[in-house]
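Order of the sequence lines fixes the chain letters, A, B, ..., with proteins taken first and strands second; residue numbering starts at 1 for each chain. Because the structure is predicted, anything quoted here is derived from the model rather than measured.
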2 protein chains.
Amino acid sequence: MPKTASRAAGLHRASLGKLHDLDAALELMYYGWRGMTLLADQYLATLGLSRPHHRILYVVARQPDISIGSLIEVLGISKQALNRPLNLLLERKLLTSKRSPEQHRSKLLRLTQEGQRVEQRASGYERKVLRDAFDRVGQPGAAAWMAVMGVIADNN
Amino acid sequence: MPKTASRAAGLHRASLGKLHDLDAALELMYYGWRGMTLLADQYLATLGLSRPHHRILYVVARQPDISIGSLIEVLGISKQALNRPLNLLLERKLLTSKRSPEQHRSKLLRLTQEGQRVEQRASGYERKVLRDAFDRVGQPGAAAWMAVMGVIADNN
DNA sequence: CCTCTAAGGTCAATCTAGTTGACGTTAGAA
DNA sequence: TTCTAACGTCAACTAGATTGACCTTAGAGG
């Protein structure tokens, strides 16, 4: 275990001098991602899972009977990269895959009950962080946050 | 170059069904990070550099004459992990290291002019994304965003 | 029936970014 | 002079990705 594990990589929300007025915002984005995902990652780690597994579970939960090809597209990774984590989830029976009667070519992925439980809990940790933050600033603040993030996320 | 490069990994701001009201916020966090860093990463890639190099440049720019040990602490990585990117930056003369007259034990890191130029430009791309988003929602919206992110970032 | 093709599976090699552990060097402090 | 802090580096490992090559399965079209 790394010396800094309890604070997570590089995270004393640094005491760095600011060169620009937007430096603080820049750093908030960095620390914000870690802050949102830390608990979820810790939970997943207790199951021997990590981000990639969670992403798969998250997508399949919201798109039941998704095909492998579509999953690859949504996740934006190669099938070789998907292979490992996907097979682990199948072995662990968090996911099932079966070919449909008609479209026998493509496989349909679904969460098992256990898979749903894990996905719920992992995503739940992340939602809780967001909910707490939104609660503290009220609905208008939350809406403003969404608006800002929407514009930022559109830079693709 | 990956087939999805122009959209960056998994980024059609997915058409996923929502299971929870906070799912949209969750996804905004994910896409937001990519949206903020995409241009900067593309620029860095043209120089053969990436995130870790940028993080080093960013910190040294804001903490001139920082020692290697302190840099390791701030970044939260091992000295072995720092070694490679740091040496590259020194070879490329984006960074200088010299021992101070008194504290001859520790090395002091500084950006060269070229290093400053690169750091400015890379961070500048990220700041522009933020500035554009803040401009679109006005000062109160920006303040709300900072407040929300502050609370989220505190989850460590 | 046969061939073409879409969907999926898998193997190998490579890259990046990190980790531990072990050990070596440099140079100030006791 | 020896002890130690700060730095440097080597090796082995892991996780998460990439590309390229090749194979199987099974529906579709001639």
**Q** Please identify each residue that fulfils salt bridge (charged side-chain N to carboxylate O under 4.0 Å, His left out) with B:R121, with sequence neighbours left out.
**A**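 B:R121 satisfies salt bridge (charged side-chain N to carboxylate O under 4.0 Å, His left out) with no other residue.
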**Q** Find the distance A:K107:NZ to D:dG27:P and express it as a whole number of Å.
**A**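 So the two atoms are 14 Å apart, to the nearest Å.
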**Q** Where is the tightest heavy-atom contact between B:G35 and B:V129, given as atom of each residue plus distance?
**A** O-CG2, 3.9 Å
**Q** Please write out the pairs of protein N or O atoms and N or O atoms of nucleotides 21-26 of chain C separated by less than 3.5 Å, giving the distance to one decimal.
**A**
residue : atom : partner : partner atom : Å
C:dG21  : O6   : B:Q80   : NE2          : 2.7

**Q** Out of C:dG18, D:dC7, D:dA17, which has the shortest distance to the side chain of A:A81?
**A** D:dA17
**Q** Output all residues satisfying side chain to side chain donor-acceptor pair (under 3.5 Å) with A:K79, sequence neighbours left out; order by chain, then residue number.
**A** none
**Q** Please check the phosphate of D:dA17 (OP1 and OP2 only) for any side-chain N or O of A:S78 closer than 4.0 Å.
**A** no
**Q** Can you check the B:E73 CD to D:dA5 P distance for me, whole Å?
**A** 15 Å
**Q** Going by heavy atoms closer than 4.0 Å, what residues in residues 52-64 of chain A are next to DNA chain C?
**A**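 By residue number: none to list.
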**Q** I'd like to check the salt bridge (charged side-chain N to carboxylate O under 4.0 Å, His left out) partners of A:D23; sequence neighbours left out, ordered by chain and number.
**A**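 Partners of A:D23 by the salt bridge (charged side-chain N to carboxylate O under 4.0 Å, His left out) criterion, ordered by chain and then number, come out as B:R62, B:R127.
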**Q** List the residues meeting salt bridge (charged side-chain N to carboxylate O under 4.0 Å, His left out) with B:K128, not counting sequence neighbours, and say none if there are none.
**A** B:D132
**Q** Partners of A:A153 by side chain to side chain contact (heavy atoms under 4.5 Å, CB included), sequence neighbours excluded?
**A**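 For A:A153, the residues satisfying side chain to side chain contact (heavy atoms under 4.5 Å, CB included) (neighbours in sequence not counted) are B:R13, B:L28, B:Y31.
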**Q** Taking only residues two or more places apart in sequence or in another chain, which ones pass side chain to side chain donor-acceptor pair (under 3.5 Å) with A:S123?
**A** A:H54, A:E119
**Q** In whole Å, what is the span from the CG atom of B:L49 to the P atom of C:dC15?
**A**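 Distance check: B:L49 CG to C:dC15 P gives 17 Å.
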**Q** Considering residues at least two apart in sequence or located in another chain, which fulfil the salt bridge (charged side-chain N to carboxylate O under 4.0 Å, His left out) criterion with A:R117?
**A**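 Checked A:R117 against salt bridge (charged side-chain N to carboxylate O under 4.0 Å, His left out); matches are A:E114.
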**Q** For DNA chain D, determine which residues of residues 84-96 of chain B have any heavy atom closer than 4.0 angstrom to one of its atoms, and list them numerically.
**A** B:N87
**Q** Does B:N87 have any side chain to side chain donor-acceptor pair (under 3.5 Å) partners at least two apart in sequence or in another chain, and if so, which?
**A** B:N83
**Q** Look at the side-chain N and O atoms of A:S50 and state whether any lies under 4.0 Å from the OP1 or OP2 oxygen of D:dG16.
**A**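 Answer is yes, contact under 4.0 Å.
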**Q** For residues 119-138 of chain A, which residue pairs qualify under ring-ring contact (aromatic ring centres under 6.0 Å, His included), counting only residues two or more places apart or in two chains?
**A** A:Y43-A:Y125, A:F134-A:W145
**Q** Let me know, please, whether B:G69 or A:L82 comes out on the 5' side of the other along DNA chain D by nearest nucleotide.
**A**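 So the residue in question is B:G69.
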**Q** Taking all non-hydrogen atoms of both residues, which atom of A:A40 and which atom of A:A122 are closest, and how far apart?
**A**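 Heavy-atom minimum between the residues: CB-O, 3.4 Å.
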**Q** For B:N83 and D:dT9, is the shortest distance between a side-chain N/O and OP1 or OP2 below 4.0 Å?
**A** yes
**Q** CD1 of A:I77 versus C1' of D:dT19: gap in Å, rounded?
**A**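 Going from A:I77 (CD1) to D:dT19 (C1'), I get 15 Å.
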